[in-house]
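Convention: sequence-line order gives letters A, B, ...; per-chain numbering from 1.
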Amino acid sequence: MARAYTPGLRVSADDVLLRERVLPLKGDVLVKEGDKVKAEDVIARTELPGNISIMKAANRLGVLPKELPKYMLKKEGDEVKKGEVIAEIRTFFGLFKSQLKSPIDGTIQTISTDTGQIIFQEHPIPVEVRAYVDSVVEEVMEQEGAVVKTRGVFIQGIFGIGSEAVGKLKVLVDSRSEELTLDKLRSAGDLSGCIVVSGSYTSKDVIYELRKRGAAGLITGGIGAKDLMDVLGYDIGVAVTGNENIGLVIVVTEGFGRIEMAEKTYRLLKENDGAKTSISGVTQIRAGVIRPEVVIVKSLEFEGKEELKSLTVANELKVGGKVRIIRQPYFGLIGEVVELPPEPQVIETETKVRVLKVRLADGREVVLPRANVEIIEEG
Amino acid sequence: MAELRRIIATDCGSTTTKAILIELGDDGHYHLVKRAEAPTTVEAPFEDVTIGVINAVEELEELMGQKYLKEDRSGFMIRGVDLPEDSEEGVDAYVSTSSAGGGLQMVVVGVVKEMTAESAQRAALGAGAIVMEVIAINDGRLPHERVKVLRQLRPDMILLAGGTDGGDRNHVVAMAEMISAANPKARLGLEYKLPVIFAGNKLVRDKIKEILGGKTALSVVDNIRPSLEKENLQPTRQKIQELFLQHVMKQAPGYDKLMKWTSAPIMPTPAAVGYLVQEVAKARGENVLGVDIGGATTDVFSVFDNIFNRTVSANYGMSYSISNVLAETGLENVMRWVPFDIDEEDLRNRVKNKMIRPTTIPQTIEELVVEQAIAREALRLSLEQHKMLAVGLKGAQRQRDIADTFTQTVSGETLIKMMKLDLIIGSGGVLSHAPRRVQSAMMMIDAFLPEGVTMLTVDSIFMMPHLGVLAHVEREGAKRAAMEVFDRDCLIRLGSCISPVGVGKEGEKCLTIEVLEGKEAGKKFEFVFGEIKKLPVELGVGERLKIKITPAPRYDVGAGRGRPLEAILEGGVVGVIVDTRGRPLKLPADKKERVARLRKWYKDLDLYPEVFFQRTAGGDE
C-alpha cells in the first residue's frame, strides 16, 4: 500500500525563506546582490502608465474626424495642463470661437482622424516594492525586482485579508483557546502599528476597535464568516484575497468559527512577543496556492541551512501522529491517529473512502475520512 | 494506416492529470480498459506538464503489465512508427486535453453588448475559453474605466468584434484605439505580444492593423456578424484554438514537448467536451444539455435544434467557489432544499471552511444534504446564466453556423426550452460520485426543472474531454471509438423523468400513464399533483418502453394542455421518475410545511438512508 500523505500548514521555529519581490511592470531595481535590507526599504520602483481620458473632440467642435488635426493646437505626444486649450475653431469670419480644453494633466496620446476622438494620458503613477522582511538580497532580477533571503519563525495561515504589514508583535491573550475581547483591549496600551495576536476567536467589534487604535495587523485562530462579511461590507465568494483595504491585515491560522490556535503556532508567537514581525494576508486557494503567512526574522546567517523549497507540505500520516479534524461533526478537535486501515470503508453518507481512526482528547475513538484531517507538526 | 486498436488519452486538469486506456475488443467494439491519475505538474517545483502525464501513464503500464512509453520517456511508442503495427506494446494514438494553469482566459470586446459583443462571447466560450470580461460601447463604463479593466486583467487573448460588413466603422475603430491605449499585457510571459483577434467589419481591417498591428500579435478572421441576420462563429473559434496552441500553450511549462507527443492537436478541455456533446446530439437526433460542475467553475453545454452553445460560470462550484454560490443565491435558497434546522452562522462557517479546505468531504448525512442543496443552487444559477447567453440573434432573422443552416424569427429569446429537451448529461464530483444515483437524479431535477419527458444520465468518471479530443484523430475508428466508449462506459443511465407543466391542488388528479407494449402492456398508473415517485414498471438499464401519458386538463406533458402524448421511456439505474410537483415548482413558504413536504419526497424516492430521517425527525412527523 502506498504511503498516505495529507496536506498541512507549515509552522516552523527556524526556516530559511526566499521571497520574490517583483514589480507589476518593468522598472528600476535599487538593490544589488548581497545587500542587507530592512523590511521597510524600497527595493524596486517603477511607474504605471497614467489613467486614460477620451474626448469626442470632432463631435464637440462640430467638424469631421478627418478635419480634426486642422484645429488642433497640440499634437500627439505633447504635454498638456488641465484646462489648457488644445483645439480651437473659429466660425463666422472669426466672430465665434469654440475651444476644447484638456481634462487632465498629462500628454496627448492619440488624435484619431477616424473616430474624431482624442486620447489623453495622465502622468505615470509611481509604484514601489518594499523588502517586506529584514533580509539579504539573494538575486536581482533585472528591471523586475529581487529575491530576498531571510531566516526565522515561519507560520502559514489558512486564510487572510489585506496585503502586507510589518510591526511589533503583541500577544493579547493568555492561552490559545482564549478569545480576544473588548475588555482585554482596554488594558492593552498603545496598539498603533502593532501586529496583535488573539486566540480562538476575534469578533468584528474587536476588529473595529483594533482598526480604531491603529493596529497594523491581527493574527487569530478563528473568525466568524458573518463577522467577516460585516467588516468587509460584502461576502467573500472565493478565497482569492490580498486587495482588501480594511485598515489592517488579518491572518487566520485555523479557520472559520471558534477554533483554538494550534499549540505550536501560539507558542512561537508567545515566545516572540514584542518582536518585529512581517505578515501577509494574500491568499489564493486555487491551483498555485498562496497562503497567508507570519515571518519573524531571527537571523541573517544562513550557513548550513537549506532554504525551504516547496510550501506545499505533504506529511505522512502515521499511527501515533497528531491530527486536527477539519470537518464536522468533530471540526476543530485534535486527536491522535490510532489506526490507518488500508482498505476504503463505507462511511455514514454511504460513500466509500479511505479512513483513519483517531483518539480524541476526551478518550473517544472516532473513524473519519482521511480527507478530513490535517497533520499537526510536533516539536 | 490500420484501424485504431489501442488509444491513450489524458486530460491535464489544474490539479489532476487523468489518463484512460481504450482498446478495440474481440467483440469488435471499443472499451474503456483502465484509468489512472497523477497530480498535474504544471506548477513549481516541477514546471513540466509531461511529468504528470508520464506518472499517470506509468500507472496504466503497471496496471496492465505493458509498455506504452518510450524507454527514455520522450513520448509514446506509436505502433506503425516506433514499433511494428502488430506489436503487443505501444499505442496507436495518444491525445490530450488541457485546462491546467487556469485554462484559456479571454477578454471580449464588441460594439453593442447585446449584438456583436454577445456573438463574440459565444464564439469565445464555444472555443473553450473563460471570458473574463465583456467590454462594449454600452457596457455602462466610462472610457478610462474600460482601459483600467483591460490593464488589470492580463488575459491570454483578446477578441475584438464590431460592425457588420460595410456597417459601423467608427465604434469598432474606437474600441481598437482603446485597446491600443491600454496596451494590455499577456498573462504568461512578460516578453511576448498579446494575441488579438479581429473579427469585425471587414472594411476597417486595414485601419485595425494600423492601430493594433505593432503593439499586439494581431490576427484577422471573417466577421463574426457579417450582417444583423447572420452569425458566423466558426472561423473565430478555429482561430482561438489555433492561437491557444501557438501562444498560450507554448508559454505553459512542458507543453512544447507534449504537443509533439499527441496524434491530434491538444484541445482546451471544455472545447473537447463541447464537441462531444454536439456529436451525441447529432447521433441521437436529440436536444441535449450537458453540465459539468467542478470545484471552481460550472460549464453548461447545450444543443437545441442543432445550435450549440456553451457557457462557463466561472465562480459557481462545489469547493473553491462554494462560498460564492451561497453569496449569490442567498441562504434562503439553499435552505429551501434542507429538511432540518441549521443555525445560519454555523452554516456560513461550514461553507467558508469548505472553501479554504476544498478537499474535505461530508462525513454525516446532514453535511451531505447541505452540500447537495448547495449543488442544486450552483446548477440552477449556471443554467440561468446559460439561458441568458444561449439566445437567438436579437432583432433579426437568424442563420447560424455548425454544419446546418436554418432560419427562424427570433427576438433574443432563449433557445433553451425545457419541454424540448431530451437528454441531460450531468458530470462533476457532486453528480458523478453521489453515494446514491437517485441523489444525482434529484439534484438535476430540482436544479433544472425538466419538463415533459427527459432522460437523465451522468458521466461516470468524466471521460468526456478525452473522448471529445479522441474524435478529432484522423484515423479510421477514432470517432467510433469515442462514441462507443461514451455510450458503453462513460454514460450512466439514471432513467427517464416525466414532469408535467402546470400547477394544481395537492392531491388532485394530475396524470395517467399507460404502458403500450411489453409484458405489462395495458397497465395504467395514476399520479396526483404534488408528489415525486418512481413509476412501478420493470425497465432494465438502456431498455425502452412505449407509453401513453394522459395529463389532466390543466397539465401539459409536451402535446399541449390536457392532450395525451405517446412517448418512449428509457430505463436506468434509478428507474423512471414521475415528478408531479408542478412547473414552476413552488415550495411551501411555511417552513414547517416545506420541511414536511421535502421529507415525504425524499423518503418516497429513498433519497437518503433511513437513519437520517429518524435522526432529523424533530416535531415534524
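Of all heavy-atom pairs spanning A:Pro369 and B:Ile361, the tightest one is CB-CD1, 3.6 Å. A:Gly237 approaches B:Ser323 most closely through the heavy-atom pair O-CB, 3.4 Å. Closest approach of A:Ile52 to B:Val147, counting heavy atoms only: CG1-CG1, 3.5 Å. Scanning both residues, B:Ala181 and A:Ile119, for their nearest heavy atoms gives CB-CG2, 4.0 Å. Closest non-hydrogen pair, A:Thr349 versus B:Pro362, comes out as CG2-O, 3.7 Å. Between B:Tyr320 and A:Val238 the shortest heavy-atom distance is O-CG1, 3.6 Å.
Salt-bridge annotation for B:Lys352 and A:Asp235: present, with a side-chain N of the basic residue lying under 4.0 Å from a carboxylate O of the acidic one.
Considering only heavy-atom pairs separated by less than 4.5 Å from chain A, the leading option among B:Lys207, B:Glu145, B:Arg151 is B:Arg151. For the set B:Ile365, B:Val173, B:Val351, the entry with the most heavy-atom pairs within less than 4.5 Å of chain A is B:Ile365. Chain A forms the most heavy-atom pairs under 4.5 Å with one residue out of B:Ala182, B:Ala296, B:Ser180, B:Pro609, and that residue is B:Pro609. The most heavy-atom pairs under 4.5 Å with chain A, out of B:Glu367, B:Glu345, B:Glu366, come from B:Glu367.
Here the straight-line distance linking atom CZ of B:Arg348 with atom CZ of A:Phe256 works out to 12.0 Å at 0.5 Å rounding. We find the NZ-CG distance between A:Lys226 and B:Asp346 to be 14.0 Å, quoted to the nearest 0.5 Å. Of the inter-residue distances, the one linking B:Ile211 atom CD1 with A:Thr110 atom OG1 reads 8.5 Å to the nearest 0.5 angstrom. Note that OH of B:Tyr608 is 12.5 Å distant from CD of A:Glu348, once rounded to the nearest 0.5 Å. For the atom pair CZ (A:Arg291) and CD1 (B:Ile356), the distance works out to 7.5 Å, reported to the nearest 0.5 Å. One distance of note links CE of B:Met355 with OG1 of A:Thr283; it measures 8.5 Å at 0.5 Å rounding.
No more than 12 heavy-atom neighbours from other residues, nucleotides or ligands sit within 6.0 angstrom of CG on A:Asn243. In B:Lys148, the NZ atom is not crowded: 12 or fewer heavy atoms of neighbouring residues, nucleotides or ligands sit closer than 6.0 Å. Other residues, nucleotides and ligands place more than 12 heavy atoms under 6.0 Å from the CD atom of A:Glu76. Taking a 6.0 Å sphere around CD of B:Glu610, one finds it holds more than 12 heavy atoms contributed by other residues, nucleotides or ligands.
At least one side-chain heavy atom of B:Arg169 sits less than 4.5 Å from a side-chain heavy atom of A:Asp114. Here the side chains of B:Arg357 and A:Ile158 are in contact, with some heavy-atom distance below 4.5 Å. Proximity of B:Gln363 to A:Leu368: side-chain heavy atoms (C-beta onward) are separated by under 4.5 Å at one or more points. Taking 4.5 Å as the limit, every side-chain heavy atom of B:Arg146 sits out of range of all side-chain heavy atoms of A:Ile54.
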I would like to know whether A:Glu350 and B:Leu368 meet side-chain contact (heavy atoms from CB on, under 4.5 Å); could you show each step before the answer? CA-CA 10 Å; A:Glu350 301 180 333; B:Leu368 180 74; over 6 Å; no

Check step by step if side chain to side chain donor-acceptor pair (under 3.5 Å) holds for B:Glu177 and A:Ser112. CA-CA 8 Å; B:Glu177 285 173 352; A:Ser112 172; 2.4 Å; yes

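Proximity to chain A is limited to the side chain of B:Asn315, based on heavy atoms less than 4.5 angstrom apart. For A:Tyr234, no part lies near chain B; criterion is any non-hydrogen pair under 4.5 Å. Neither the backbone nor the side chain of B:Gln439 comes within less than 4.5 Å of any heavy atom in chain A. Of the two parts of A:Val353, only the side chain, counted from C-beta on, holds a non-hydrogen atom closer than 4.5 Å to a non-hydrogen atom of chain B. If you measure heavy-atom distances from A:Ile236 to chain B, the contacts under 4.5 Å come from both the backbone and the side chain. Residue A:Tyr330 touches chain B through its side chain alone, counting heavy-atom pairs closer than 4.5 Å. Proximity to chain B is limited to the side chain of A:Ile347, based on heavy atoms less than 4.5 angstrom apart. Using a 4.5 Å cut-off between heavy atoms, A:Val355 makes no contact with chain B at all. Heavy atoms closer than 4.5 Å to chain A are found in the side chain of B:Glu344, but not in its backbone.
Of the possible donor and acceptor atoms, none in the side chain of B:Asn170 sits under 3.5 Å from a partner among the backbone N and O of A:Thr115.
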